Amino acid sequence: MIEVLISNKSNYLLFLICYFIGSIPFGYIFYKIIKKDDIRNHGSGNIGATNVNRLIGKKFGFITLFLDFLKTFCPCLIMHKYFGTEVGVVSGFLTILGHIYPIWLKFKGGKGVASYMGFMLATSWPLFIVLIITWLVIVKIFKYSAVAAIISILINLITFKIILFTQFNYNILLWIKGDPIEFQFILFISIIILIKHYTNVINIFKK
């Protein structure tokens, strides 16, 4: 399946465009416009919505979150609709990779949680709901978005795997979308995101 994607050279341009879209550093841009400075030199040093919210307010934090969400959700959904599941999932994966490793910022970007959420909504809305509810509950309990991101992503992976197992072995819950190839790419990008949150968790425990 992956071999077919690679052999189709017309996909290369689509994937490159998706990576560049994902690389747009909205948080960095907003801070640069407002403060005339590099957001990576302040707060947590991250270009994501949490640091933007902390440094220049909730409005820009929300806008950053929304745009980081859309830059994965829209390409993933469009590619999925017009080019199929395989192209869609690789496109979504590359937009998140672009967010985490943006070419414009020497491959030093955000942690990818908002983009991950966009990926999940484009993949399966029930899994997206599980992810969001878990994230909100954990944030409410622990007050740390990094902890919420790690726990919600882990629970989301477990839930996705259980659903796939149940669908395959018992032929139920078939209304819940999500293919094995999508799980594989989501697992891979989840590992990258969890590694990116390692420093945050260490700092939290030190406090």
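The analysis underlying the following values was restricted to heavy atoms, covering all of them including side chains, and did not include hydrogens, waters or symmetry mates. Residue indices begin at 1 and follow the sequence shown. Source: prediction; values computed, not measured.
- Looking at Thr95, its side chain never comes within 3.5 Å of a backbone N or O of Gly22 through a donor-acceptor pair.
- A distance of 11.0 Å separates CD1 in Ile195 from CD1 in Ile150, rounded to the nearest 0.5 Å.
- Between the side chain of Ser91 and the main chain of Cys76, no donor-acceptor pair closer than 3.5 Å is present.
- In this structure the side chain of Met117 reaches within 4.5 angstrom of the side chain of Val113, judged on heavy atoms.
- A search for ring pair (Phe, Tyr, Trp, His ring centres under 6.0 Å) contacts involving Phe183 returns Phe160, not counting sequence neighbours.
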**Request:** With side chain to side chain contact (heavy atoms under 4.5 Å, CB included) as the test, would you mind laying out the steps for Leu14 and Val90 before giving the verdict?
**Result:** CA-CA 10 Å; Leu14 295 176; Val90 175; over 6 Å; no
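- A salt bridge links Asp38 with Arg40; the closest basic N to acidic carboxylate O contact falls under 4.0 Å.
- Contact annotation: the side chain of Ile153 never approaches that of Trp135 to less than 4.5 Å [non-hydrogen atoms, C-beta and beyond].
- Ile176 and Ile158 are not part of a single hydrophobic cluster, where members link through side-chain heavy atoms under 4.5 Å apart.
- The closest side-chain heavy-atom distance from Val87 to Met79 is below 4.5 Å.
- Cluster membership check: Met120 shares its hydrophobic cluster with Val137, using side-chain heavy-atom separations under 4.5 Å among Ile, Leu, Val, Met, Phe, Trp and Tyr.
- Between Asn51 and Gly43 the shortest heavy-atom distance is OD1-CA, 3.5 Å.
- By the 4.5 Å heavy-atom criterion applied to side chains, Asn156 and Thr134 are not counted as neighbours.
- Contact of the Leu164 side chain with the Pro180 side chain is registered, since non-hydrogen atoms from C-beta on lie closer than 4.5 Å.
- Counting heavy atoms of neighbouring residues, nucleotides and ligands inside a 6.0 Å radius, atom CZ of Phe66 does not exceed 12 of them.
- Considering only heavy atoms from C-beta on, His99 stays 4.5 Å or farther from Thr72 through its side chain.
- Of the inter-residue distances, the one linking Ile132 atom CD1 with Ser152 atom OG reads 8.0 Å to the nearest 0.5 angstrom.
- Taking every heavy atom of both residues into account, Trp104 and Ile24 meet most closely at NE1-N, 4.0 Å.
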**Asked** Yes or no on side chain to side chain contact (heavy atoms under 4.5 Å, CB included) for Ile33 and Phe60, after CA distance, side-chain angles and deciding distance?
**Response** CA-CA 12 Å; Ile33 292 172; Phe60 286 102; over 6 Å; no
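- Atom CG of Leu70 is separated from atom CZ of Phe73 by 8.0 Å, given to the nearest 0.5 angstrom.
- Proximity of Leu65 to Asn53: side-chain heavy atoms (C-beta onward) are nowhere separated by under 4.5 Å.
- Ring pair Tyr170/Phe165 is perpendicular by interplanar angle, where above 60° counts as perpendicular and below 30° as parallel.
- Across all their heavy atoms, Ile39 and Gly27 have their closest contact at CD1-O, 4.2 Å.
- When the side chains of ILVMFWY residues are joined at heavy-atom separations under 4.5 Å, either directly or via intervening members, Ile163 and Ile172 end up in a single hydrophobic cluster.
- Between atom CD1 of residue Ile34 and atom CZ of residue Phe30 there is a gap of 8.0 Å, rounded to the nearest 0.5 Å.
- In terms of heavy atoms, Gly61 sits closest to Val52 at N-CG1, 3.7 Å.
- Proximity of Ile155 to Ile138: side-chain heavy atoms (C-beta onward) are nowhere separated by under 4.5 Å.
- Judged by distance alone, with hydrogens and angles left aside, the side-chain atoms of Lys106 form no donor-acceptor pair with the main-chain N or O of Ile103 at under 3.5 Å.
- Annotation for Phe69 and Phe128: closest pair CE1-CE1, 3.8 Å, computed over non-hydrogen atoms.
- Formation of a donor-acceptor pair under 3.5 Å by the Glu182 side chain with backbone atoms of Thr85 is not found in this model.
- Residues Tyr82 and Leu121 share a hydrophobic cluster, clusters being chains of Ile/Leu/Val/Met/Phe/Trp/Tyr side chains in contact below 4.5 Å.
- Within 6.0 Å of NZ on Lys32 lie more than 12 heavy atoms contributed by other residues, nucleotides or ligands.
- At a threshold of 4.5 Å between side-chain heavy atoms, the hydrophobic network of Ile, Leu, Val, Met, Phe, Trp and Tyr places Leu94 and Ile191 in one connected group.
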**Request:** Output, in order, the C-alpha distance, side-chain angles, deciding distance and verdict of side chain to side chain contact (heavy atoms under 4.5 Å, CB included) for Ile186 and Tyr116.
**Result:** CA-CA 8 Å; Ile186 287 171; Tyr116 180 90; 3.5 Å; yes
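- Between Trp125 and Trp175, the angle of the ring planes lies from 30° to 60°, which puts this pair in the tilted group.
- Of all heavy-atom pairs spanning Ile100 and Ile193, the tightest one is CD1-CG1, 4.0 Å.
- Atoms CG and OG, on Asp179 and Ser124 in that order, are 10.0 Å from each other to the nearest 0.5 Å.
- Interatomic distance, Phe62 CZ to Thr64 OG1, rounded to the nearest 0.5 Å: 10.5 Å.
- The main-chain N or O of Gly112 is never found under 3.5 Å from a side-chain atom of Lys196 such that the two would form a donor-acceptor pair.
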**Request:** Determine, stepwise, if the pair Leu154 / Leu194 fulfils side chain to side chain contact (heavy atoms under 4.5 Å, CB included).
**Result:** CA-CA 9 Å; Leu154 289 173; Leu194 293 174; 3.8 Å; yes
